[in-house]
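The next block holds one structure in the form of structure tokens; read it before the comments.
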Amino acid sequence: MSSAIPVRVRIAPSPTGDPHVGTAYIALFNYVFAKKNAGQFILRIEDTDRTRSTPESETAIMESLRWVGLQWDEGPDIGGPCGPYRQSERAEIYRQHVAKLVESGAAYRCFCTAERLEALRHEQRRQGLFVGYDGLCRGRTRTESETRAGAGEPFVIRLAMPRTGEIIFVDRLRGEVKFDNAQIDDQILMKTDGFPTYHLANVVDDHLMGITHVIRAEEWLSSTPKHMVLYQAFGWQPPEWIHMPLLRNADKSKISKRKNPVSLGYYRASGFLPEALLNYLGTMGWSIAGDREQFTLDEMIAVFTFDRISLGGPVFDLVKLSAMNGDYLRALDDAGVVARLRTWRLSDDYLRSLIPLARERMQRLDQFLPLTEFFFSGDLDYAPVVKDMLPKGRTPKQTADCLVTFVEALDVQRDFSPAGLEPMARAFAEKSGWATKEFFMLVRVAISARKATPPLFETMTGLGKDMARRRLRQAAEFVKRLPEPPPPTDQKTH
RNA sequence: GACCCCAUCGUCUAGACGGCCCAGGACAAUGCCCUUUCAAGGCAUGAACGCGGGUUCGAAUCCCGCUGGGGUCGCCA
């Protein structure tokens with residue numbers, strides 16, 4: 001490549017949950033493209049959603065990205081010439097930029113309440129109309145707008161989209177993409193809380209950080225016109241757009257945690273090798289020439305081009321990933337495997353964390369492994385404990401539903417320590433109408449495939465959130481397949 | 001529903017300029033071999049160009065339509 005402008009790309013995750021495999025996927029292509037072109041790969045944390053962003057999530061994302069081996073050149077932790085790299089620390093920048101837009105008339109204050117907007121959308125949907133903001137506040141005079149804002153009335157700032165014409169942009173993988181302006185509504189740029197939305201912060205930062213190529217997931221394709229309008233409004237040169245296909249579930253829908261393990265923590269805990277994961281992700285929508293499918297990161301970088309991307313959304317297949325991981329594992333020498341085991345669950349730290357759970361239950365060292373075996377396993381076999389999976393008086397469906405609901409409740413559980421889990425689980429049982437005793441036994445068997453284990457919450461903590469949730473889900477699947485009991489034949493009950 | 005994107009075996013994909021493709025590899029499946037067992041490995045089998053029109057001497061490859069799938073329509077990203 002001989003482009004004069006240095007390539008700068010970024011991965012811009014939102015720290016609102018567990019590190020996502022999709023983030024690693026998009027990061028991979030950004031990283032590879034940057035390295036291929038001797039450019040920079042930047043990590044920017046998009047934490048503009050004050051209610052959902054957490055520092056723990058940010059840390060976990062950075063750890064996971066490091067674990068797979070995609071180290072950034074600039075980022076919130078290591079700094080760089082275009083910092084800060086955390087959007088919450090750039091609020092002032094967005095405020096200034098949005099002010100310019102309001103000044104020039106490219107954006108305007110909107111005083112509509114959330115209730116009005118919801119009613120509006122509801123009505124539009126009911127009538128089968130175009131769903132979007134109707135532009136009520138767009139017509140307000142500058143004086144009215146300023147008076148109301150000055151009086152302290154809450155407002156958001158919206159982008160004044162052109163109402164006619166069309167916007168055309170070039171996606172590197174698809175060519176020209178056209179949208180009719182009339183069907184794009186006035187996007188909110190700044191929320192009532194003074195924080196920017198994705199659209200504003202992203203465009204401003206991409207420009208200020210000198211991003212040359214925006215490599216992101218296809219779900220962003222339909223908001224690109226709004227971004228184009230923003231670039232125009234600021235008088236900036238837009239970057240090149242590259243929208244990667246979306247990773248899919250087996251049913252072809254966008255990959256989701258209900259249908260796939262999606263947390264990078266799960267892959268780490270399950271003993272996937274980062275290089276195998278990366279290799280596998282590299283085969284999702286991209287291919288190296290010929291019949292090859294195994295390649296290292298460096299090999300991918302050496303020959304990378306966007307020309308070899310196919311746009312059909314690839315189904316993420318855990319089975320094939322496992323097979324590939326097996327190939328990598330077998331290619332290691334003995335010492336190499338030992339080293340991997342040591343960085344996995346045979347680390348001193350992990351073993352030490354299990355000792356308090358096992359110590360009192362052991363008389364001899366040889367009992368340690370049988371006692372703790374399920375801490376080192378992946379998916380369990382529930383067939384031997386099938387009779388313990390169904391509490392008396394509960395149908396398979398009720399039981400499976402209970403487990404699934406619990407998994408979902410666990411998703412938003414931040415404190416995964418025993419002290420944090422116990423009250424949560426008790427509250428959950430009560431709310432669901434389950435006796436704590438039967439509920440705890442169900443969970444115990446689900447996460448361990450045993451009736452006797454160390455204390456439940458310590459066990460869950462030791463397993464980790466990702467593995468615990470995976471087991472609960474698998475258990476729910478297992479239970480769901482159990483035959484329903486025959487209908488109660490309550491004859492003569494004297 | 002509106003708009004946008006996409007379309008090769010069940011899945012990931014190969015298929016540069018249309019002919020070398022009655023479509024290749026891998027995972028999964030099945031069978032056989034190897035083997036005390038289980039893996040691994042080897043061999044083999046079944047399995048796809050969504051449909052309809054064009055263009056062309058010739059199309060999986062180009063064009064159009066249809067169908068199908070997906071994404072987006074949030075004071076979430």
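A, B, ... follow the sequence lines: proteins, then strands. Residue 1 opens every chain.
A59(B) and A47(B) are spaced 23 Å apart, taking the C1' atom of each and rounding to whole Å. The separation of C63(B) from C73(B), taken at their P atoms, amounts to 30 Å, rounded to a whole angstrom. Rounded to whole Å, the C1' atom of G41(B) lies 11 Å from the corresponding atom of U35(B). Comparing the same atom, C1', in C12(B) and in G74(B) gives a spacing of 34 Å after rounding to whole Å. When the P atom is used for both U8(B) and A48(B), the distance is 14 Å, rounded to whole Å. Comparing C6(B) with U13(B), their P atoms are spaced 15 Å from each other, to the whole Å.
Of the two residues near RNA chain B, D291(A) and G313(A), the one whose nearest nucleotide lies more 5' is G313(A).
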Please list, one pair per line, the donor and acceptor atoms closer than 3.5 Å that link side chains of residues 110-121 of chain A to other protein atoms, with sequence neighbours excluded.
| from | atom 1 | to | atom 2 | distance (Å) |
| --- | --- | --- | --- | --- |
| T113(A) | OG1 | R116(A) | N | 3.1 |
| R116(A) | NH1 | D134(A) | OD2 | 3.4 |
| R116(A) | NH2 | D134(A) | OD1 | 2.7 |
| R116(A) | NH2 | D134(A) | OD2 | 2.9 |

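Partners of R216(A) according to the side-chain hydrogen bond (donor to acceptor under 3.5 Å, both in side chains) rule, which considers only residues two or more places apart in sequence or in another chain, are Y198(A), T224(A), H227(A), H243(A). Considering only residues two or more places apart in sequence or on other chains, K257(A) meets the side-chain hydrogen bond (donor to acceptor under 3.5 Å, both in side chains) condition with D411(A). Take D333(A) and apply the side-chain contact (heavy atoms from CB on, under 4.5 Å) test, not counting sequence neighbours, and it matches A335(A). The side-chain contact (heavy atoms from CB on, under 4.5 Å) test applied to Q232(A) returns I167(A), not counting sequence neighbours.
The base-pairing partner of A7(B), taking Watson-Crick or G-U wobble contacts with both distances under 3.5 Å, is U67(B). Pairing partner, A60(B): none, since no Watson-Crick or wobble contact has both distances short of 3.5 Å. As the counterpart of G1(B), C73(B) is assigned, both hydrogen-bonding distances of the Watson-Crick or G-U wobble pattern falling under 3.5 Å. Across every strand in view, C34(B) sits unpaired, with no contact that passes the Watson-Crick or G-U test at under 3.5 angstrom.
A cation-pi arrangement, defined by a distance under 6.0 Å to the six-membered ring centre and an angle within 45 degrees of its axis, is absent between R450(A) and F374(A). Cation-pi geometry between R109(A) and F155(A) is met: the NZ or CZ atom falls under 6.0 Å from the ring centre, inside 45° of the normal. In this structure, K480(A) forms no cation-pi arrangement with F478(A), as its terminal cationic atom is not both closer than 6.0 Å to the ring centre and no more than 45° off the ring axis.
Ring orientation note: the planes of F234(A) and W236(A) are close to parallel, at an angle under 30° on the 30°/60° scale. Using cut-offs of 30° and 60° on the angle between ring planes, the pair F272(A) and Y266(A) is tilted.
Taking the 5' to 3' direction, RNA chain B first and last meets chain A under 4.0 angstrom from a heavy atom at G1(B) to A77(B).
At the heavy-atom level, M284(A) lies under 4.0 Å from the strands shown only through sugar-phosphate atoms. In this structure, T192(A) reaches the bases: a heavy-atom distance under 4.0 Å links it to at least one base atom across the strands shown. Residue Q183(A) is classed as a sugar-phosphate contact, given heavy-atom separations below 4.0 Å to backbone atoms only. Residue contacts for R308(A): at a heavy-atom cut-off of 4.0 Å it reaches the sugar-phosphate backbone alone, with no base atom in range. At a threshold of 4.0 angstrom between heavy atoms, the contacts of T48(A) are confined to the sugar-phosphate backbone, with no base atom among them.
Closest approach of K254(A) to N249(A), counting heavy atoms only: O-ND2, 2.9 Å.
For the segment residues 49-68 of chain A, the set of residues with a heavy atom within less than 4.0 Å of an atom of RNA chain B comprises D49(A), R52(A), in numerical order. Taking a 4.0 Å limit (strictly below) on heavy-atom distances, residues 319-330 of chain A reaches RNA chain B at V319(A), K320(A), A323(A), R330(A). Residues from residues 258-283 of chain A lying near RNA chain B, meaning a heavy-atom separation below 4.0 Å, are T283(A) in numerical order. Contact check of residues 151-182 of chain A against RNA chain B (heavy atom, cut-off under 4.0 Å) returns V156(A), R174(A), V177(A), K178(A), F179(A). Within residues 239-254 of chain A, the residues that have a heavy atom under 4.0 Å from RNA chain B are, in order of number, L246(A), R248(A), K252(A), S253(A), K254(A).
A salt bridge between R126(A) and E123(A) is present, with a side-chain N of the basic residue lying under 4.0 Å from a carboxylate O of the acidic one.
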### Query
Under the side chain to side chain donor-acceptor pair (under 3.5 Å) criterion, do Q294(A) and N279(A) qualify, and how do the steps go?
CA-CA 7 Å; Q294(A) 234 181 84; N279(A) 187 162; 5.6 Å; no

### Message
Apply side chain to side chain donor-acceptor pair (under 3.5 Å) to residues E63(A) and T59(A) and explain how you reach the verdict.
### Response
CA-CA 6 Å; E63(A) 264 175 18; T59(A) 307; over 6 Å; no

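Residues F29(A) and Y25(A) bring their aromatic ring centres within 6.0 Å. If you look at H207(A) and Y231(A), their ring centroids are not closer than 6.0 Å.
Taking the side chain as every heavy atom from C-beta outward, R248(A) and I255(A) never approach each other to under 4.5 Å.
Judged as a salt bridge (Lys or Arg N to Asp or Glu O under 4.0 Å), the pairs with a partner in residues 7-30 of chain A (not counting sequence neighbours) are, in order, R8(A)-E74(A), R10(A)-D206(A).
Residues Q71(A) and R66(A) bring a donor and an acceptor atom of their side chains to less than 3.5 Å of each other. At a cut-off of 3.5 Å, with distance as the only test, no side-chain donor of E58(A) or T54(A) sits close to an acceptor on the other residue.
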